[in-house]
Amino acid sequence: MQYMLLINESEDAYSGENAAQVMEETLAGHMKLIEKLAESGVEWSGNRLREAHTATTLRYSGQGEGALHDGPYAETHEELGGYYIVDAPDLDAAVEWARMIPIPGAGAIEIRPIWPNEE
Amino acid sequence: MNERALLARKCMDARPRLIAALAAHFSDLDLAEEAFDAALEACLRQDDPPDNIAGWLMSVARRKGIDMIRRRSAEARAGDAAALIEEGEADMGDVIALPDPIPDERLRLLFICCHPAITLETRAALALKVICGLPVGTIARLFLIGEPAMFQRITRAKAKVRGAGIAFDLPQRRDWPERLDAVLLTLELAYTAAYQDAAGEIDSELSAEIGRLAAMLADLLPDEPEALGLAALITIARSREEARVGRSGAMIPLSKQDTALWNRQAIEQARRWLDEAAAKQQTGPYQIMAAIQLTHARRAFDGKTDWPAIVTLYDALMMVRPGPMVQVNRALAMAEAHSIEAGLAELEAVDPKRLVNARPYHVARAKLQERAGNHEAAIEALDTAQTLGPPQAERLFLTQWRETLMAAQS
């Protein structure tokens, strides 16, 4: 079963006093996770996203064409910063991978099963 | 109990184990339930009830389950379900042959129903529905919501188990503490909700079911002191069932209960569990709460209540699991152990707004104000408590109490 791990983290965490150090530690955490994923042989993919301010949203009001807007679709304290897709036997195993994702400061990781193609 | 009711009871006693084995077998909660229900119906139709009821039900339920898969796949015309059916063919022989011993998968089922990925209240509902087989209507009344809403909640939880891929395996050792906490919290919630129903208005079977769940918990997790503690706590609460409601239908508070009506066997069982838990030397909130209730239960044996010991236990509980409700109970114990003033002072420190259910706070206030001779303040507190939706038995008790206070004033 494939799970998408959506990383919602506060971009502010990377812009504080010791921003460089936070970034370095977080990236090191991701590298460690990626090594583990490679070692375990599970199928995976993932990407880091550019900051939320680079987002453009096509918004539909429910009638007619969508209108383009500047920014992400939801105004929240946490922004979608990246994601992983991992192949895991069950939810607990997916959570185990999710726990290894570094989150500087407050944030959340949403774990969503991917709808299989054959259903 | 007539013969048919007795047979139904025996079937339901076998239910948790059978549902668990079926769920593990099919990796599908709905199918396990449907197959069991179909087997139960068939069993109750038998002129000659089978000797080995559990084995009979298991064999029939497995066959019914396979029939259901076959029907589903025929409807869906899904080719890959054929593999399942092929495998199923071999099981058909079980009905004729002696049934295999039924594997005990109850712990797995308990962990599935109580997975922390499901909201707490829904976990409790799911456990009561799937493991105990309680009707949705009863569970809905227990959690004070409508039956359609509860039905939807349970259906959604089952969809979550399926859709999110909650494993039909036991959790990994490293996940154990979090998963066990989720199980204990779920049972505590179910018990707390059921305990409100002093007069058994919701369902007379409800409390018995929760008691069976508690015993199952102790049976399945004999090495977990907090599981034993919770089982002890629930069992002591159940030991007072006969004494909790008077002939008028009004609730009788613990201090006024006739201890001759307490179930001593249940108290003994709880004490044994608590002794086993204590041997592990790992204390926790459930063990402390059970110890408090056990201290109260001693009154049945020596007619006395050791209030200083109860205050000490509440002190310990405040350390491991502080909360306004613990403070309220501690205040009541202090009033008995030390003085009414000490109790009232302790109660003053509680912020009723922090309580999910502020009724016990106002009842405690009424009690201590009455003891302090402030009848007016006591009546006022009772009136506030009455506005906070007490169940029938408690409402009657509060009304009678108020009348006594009014009579004493005039």
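Below, chain A is the first sequence line, B the second, and so on; all start at residue 1. Note: hydrogens, waters and symmetry copies are ignored here, and every other heavy atom, side chains too, is used.
- Distance CG/B:Asp175 to CG/A:Asp92: 5.5 Å, rounded to 0.5 Å.
- No more than 12 heavy-atom neighbours from other residues, nucleotides or ligands sit within 6.0 angstrom of NE2 on A:His77.
- Under a cut-off of 6.0 angstrom, the local environment of CG in A:Asp70 is sparse, with at most 12 non-hydrogen atoms contributed by other residues, nucleotides or ligands.
- Between B:Arg162 and A:Met1, the shortest heavy-atom distance links the atoms O-CE, 4.5 Å.
- Shortest non-hydrogen contact noted between B:Ala164 and A:Pro113 is CA-CG, 3.6 Å.
- Around the OH atom of A:Tyr14, the shell of radius 6.0 Å holds more than 12 heavy atoms that belong to other residues, nucleotides or ligands.
- Residue contact with chain A, scored on non-hydrogen atoms closer than 4.5 Å, involves the side chain of B:Ala117 exclusively.
- By the 6.0 Å contact criterion, CE on B:Met319 is open, its count of non-hydrogen atoms from other residues, nucleotides or ligands being 12 or less.
- Here the CD-CZ distance, from A:Glu96 to B:Arg174, works out to 3.5 Å after rounding to the nearest 0.5 Å.
- For B:Arg212, the CZ atom sits in a packed shell: over 12 heavy atoms of surrounding residues, nucleotides or ligands are nearer than 6.0 Å.
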